[in-house]
Amino acid sequence: MTNPYLDARFQPLSGIFIMYDLRTLRDNLDATKEQLGRRGNDIPWDKLRTLIEQRRTLTSQTEQLRHELKMGSDKVAKLKREKQSADACMAAMKAVGERIKTIEDELRNVEEALTDLNLRIPNLPHSSVPTGKDAGDNQEARRWGSPPVLTTPAKSHWELGEDLGILDFDRAAKISGARFAVLTGTGARLERALINYMLDLHTTQHGYREVLPPFLVNRSSMTATGQLPKFEEDLFRLRDEDYFLIPTAEVPVTNLHRDEILTESALPIRYTAYTPCFRREAGSYGKDTRGLIRLHQFNKVELVAFTMPERSYEELERLTSHAEAILQGLGLHYRVVTLCTGDLGFSAAKTYDIEVWLPSQNHYREISSCSNFEAFQARRASIRYKGTVEKNVAKTEFVHTLNGSGLAVGRTLVAVLENYQQPDGSILIPEVLRHYMGGVERIRKE
RNA sequence: GGAGAGGUGGCCGAGUGGCCGAAGGCAGCAGUUUGCUAAACUGCCGUAGGGGGAAACUUCUACCGAGGGUUCAAAUCCCUCCCUCUCCGCCA
């Protein structure tokens, strides 16, 4: 069964609300507000409360009137069959019908407002998430490896790449604009090698099934995973069709199972997907303007998992370790950070960021973000599972969804260039990539 | 892009205004018969929301691709949209 609430043109009229369950929300409105803290600041809670109550009243009114109408219509049918006059009854039912129409118009407005509000409430943080205001309050969970020892001052990846002739930002600006890059020669091959290395590791060692999804998706898909309605300005959208360019493979891959009921035995489902990702980067003017760090288009290998609710937190640890395995294989120093409540994304209940060491910045930079969304996306997307308990079919429940970058390919290329730079400006290729590079061991000036 | 055909329960498929939440079949579940299996027979067998009950359950409402309209009454009539299929065109 499809979830009509995701259709932009749908005018809701009684029935279920998939995002936040309305009854639960009503009973826990204050607690929800409390738990969301700063993240719920822009939600008009009093209006929400009023709308929920109005919906309840109007719904029961229409139900009563519909019952009346149904009885009346049956009576008309009976009278006509018995060749008696039904005029009086028909007139009375016409009046009832008009009352229903009036009340339903009102109900429609209430539900529309309610649905829109509901879709803009962020997910609740998990209890293990540290409380905090912003990125400054994130907690470092662990570090792996150590920064490389460079005998000369670290050059930035754009200096290295342009000197080597494998990165071209000027021509990218000409053919597209700011925040685009052209990779050429060994640079292009290195990007491709990284993609293949990541996909191969995840599919052969970590148990993920490879997916190559569409890069354009519809509005329903974007709403299901939480990009819409709140973050439309971050997305590229086609002018003549209601399609969006995906900002991450999370969107098409999570939506693979939208409006489906999975069997318990099929869980967990694990997918990995390579896709380009497209982001408007509205509001990031002046940040990371040089280099490959922040582009309108970049490549990413994504990990996506669907699990039973009681398994999702162990899956989050697993999934994060799979992303880490890529960096370990490449021999890149990194740390894992637990995002605090204030830094958590809209849809996530808990997130680990993996940050790789960049010598030129003397800093860790985000290269992966691994999140458990619990049932937040599953509700919006209506992804459920049905189990069996001693031959009886158990109640269908929402699955938990997770995803993480495994990894952002462009930023991985940055990390390889900067961490493996040699005094002469050449780049040593990490062992694991060499067979994807046709045996090339070092990138020299082209 | 042009022309046409469709979308009904887990599946197949009937249903052109009321007694239709929807015939019939398949699959599934429970039982009867049987030495076992098979077959036959009987019953059950959609989803969601609200009310009642400790509970098995019961009652109301909605749902026949989605939305809107006509009507006392819509799976059925009208409009819009989405999707699938066939043929032509174009293309990789």
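Please read all numbers here as calculations on a predicted model, not as lab measurements. Below, read A as the first sequence line, B as the second, and so on, with proteins coming before strands; counting in each chain starts at 1.
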> Considering Watson-Crick and G-U wobble pairs with both distances under 3.5 Å, what does B:U32 pair with?
Replying inline: B:A40

>> Does B:A62 have OP1 or OP2 under 4.0 Å away from a side-chain N or O of A:Lys70?
In response: yes

>> Please give the distance between the C1' atoms of B:C77 and B:U16 as a whole number of Å.
In response: 8 Å

>> Strictly by Watson-Crick or wobble contacts shorter than 3.5 Å, is anything paired with B:A23, and which nucleotide is it?
In response: none

> If the P atom of B:C81 is compared with that of B:G1, how far apart are they to the nearest Å?
Replying inline: 13 Å

>> Reading RNA chain B from 5' onward, which residue's closest nucleotide shows up sooner: A:Arg81 or A:Met71?
In response: A:Arg81

> Can you tell which of A:Leu332, A:Ile326, A:Leu327 makes a side-chain contact (heavy atoms from CB on, under 4.5 Å) with A:Ile367?
Replying inline: A:Leu327

> Starting at CG of A:Asp74 and ending at P of B:C60, how long is that distance when rounded to a whole Å?
Replying inline: 12 Å

> C1' atom, B:U59 versus B:U76: distance in rounded Å?
Replying inline: 28 Å

> Given atom CD of A:Glu104 and atom P of B:G67, what is their separation to the nearest angstrom?
Replying inline: 12 Å

> Distance between the C1' atoms of B:U47 and B:G65, in whole angstroms?
Replying inline: 16 Å

> To the nearest Å, how far apart are A:Gln61 CD and B:G51 P?
Replying inline: 16 Å

>> Under the side-chain hydrogen bond (donor to acceptor under 3.5 Å, both in side chains) test against A:Arg270, which residue among A:His322, A:Glu315, A:His202 passes?
In response: A:Glu315

> For B:A92, what is the paired nucleotide under Watson-Crick or G-U wobble rules, both distances under 3.5 Å?
Replying inline: none

>> Below 30° counts as parallel, above 60° as perpendicular, anything between as tilted: where do the rings of A:Tyr271 and A:His257 land?
In response: parallel

> Is any side-chain N or O of A:Arg108 closer than 4.0 Å to OP1 or OP2 of B:G68?
Replying inline: yes

>> I want to confirm an ordering. Mapping A:Gln64 and A:Ser60 to their closest nucleotides on RNA chain B, which one lands closer to the 5' end?
In response: A:Ser60

> Counting only Watson-Crick or G-U wobble pairs whose two distances fall under 3.5 Å, which nucleotide matches B:C87?
Replying inline: B:G2

>> Rounded to whole Å, how long is the line connecting atom CG of A:Leu58 with atom P of B:A62?
In response: 16 Å

>> Of the options B:C72, B:U70, B:U61, whose atoms approach the side-chain atoms of A:Lys101 most closely?
In response: B:U70

>> Using whole Å, what does the distance between atom C1' of nucleotide B:A73 and atom CG of A:Asp87 come to?
In response: 15 Å

> Tell me: CG of A:Leu79 to P of B:G18, nearest whole Å?
Replying inline: 17 Å

> Is the distance from OP1 or OP2 of B:C60 to the nearest side-chain N or O of A:His67 less than 4.0 Å?
Replying inline: no

> Rounded to whole angstrom units, what separation is found between the NZ atom of A:Lys78 and the C1' atom of B:G17?
Replying inline: 19 Å

> Salt bridge check: are A:Lys101 and A:Glu98 linked by an N-O gap of less than 4.0 Å?
Replying inline: no

> Say you pick atom P in B:C72 and the same atom in B:G67; how far apart are they, in whole Å?
Replying inline: 23 Å

> Rounding to the closest angstrom, what is the interatomic distance between B:G35 and B:G43 at atom P?
Replying inline: 25 Å

> Rounded to whole angstrom units, what separation is found between the NZ atom of A:Lys94 and the C1' atom of B:A73?
Replying inline: 12 Å

> If pairing requires Watson-Crick or G-U wobble contacts with both distances under 3.5 Å, which nucleotide is the partner of B:A62?
Replying inline: B:U47

> Quick one: is B:C72 close enough that its OP1 or OP2 comes under 4.0 Å of any side-chain N or O from A:Lys75?
Replying inline: no

> Are the charged groups of A:Glu63 and A:Arg66 less than 4.0 angstrom apart, N to O?
Replying inline: no

>> Taking the C1' atom in each of B:C79 and B:U70, what is the distance between them to the nearest angstrom?
In response: 11 Å

> If pairing requires Watson-Crick or G-U wobble contacts with both distances under 3.5 Å, which nucleotide is the partner of B:C72?
Replying inline: B:G18

>> Which nucleotide wins on minimum distance to the side chain of A:Arg384, given the candidates B:G18, B:A48, B:G49?
In response: B:A48

>> I'd like to know whether the aromatic ring centres of A:Phe346 and A:Phe231 sit less than 6.0 Å apart in this structure.
In response: yes

> Expressed as a whole number of Å, how far does the P atom of B:G13 sit from that of B:G21?
Replying inline: 23 Å

>> Any base atoms under 4.0 Å from A:Arg56, or only sugar-phosphate, or nothing? Heavy atoms, all strands.
In response: nothing

>> Does B:C60 have OP1 or OP2 under 4.0 Å away from a side-chain N or O of A:Arg66?
In response: no

> How is A:Met90 classified with respect to the nucleic acid when contacts are heavy atoms under 4.0 Å: base, sugar-phosphate, or nothing?
Replying inline: base

> What's the shortest heavy-atom distance between A:Pro309 and A:Phe398, and which atoms?
Replying inline: CG-O, 3.6 Å

>> Between the side chains of A:Arg179 and A:Glu281, is the shortest nitrogen-to-carboxylate-oxygen separation below 4.0 Å, so that they form an ion pair?
In response: no

> When we call it a touch if two heavy atoms are under 4.0 Å apart, what does A:Lys80 touch: a base, just sugar-phosphate, or nothing?
Replying inline: base

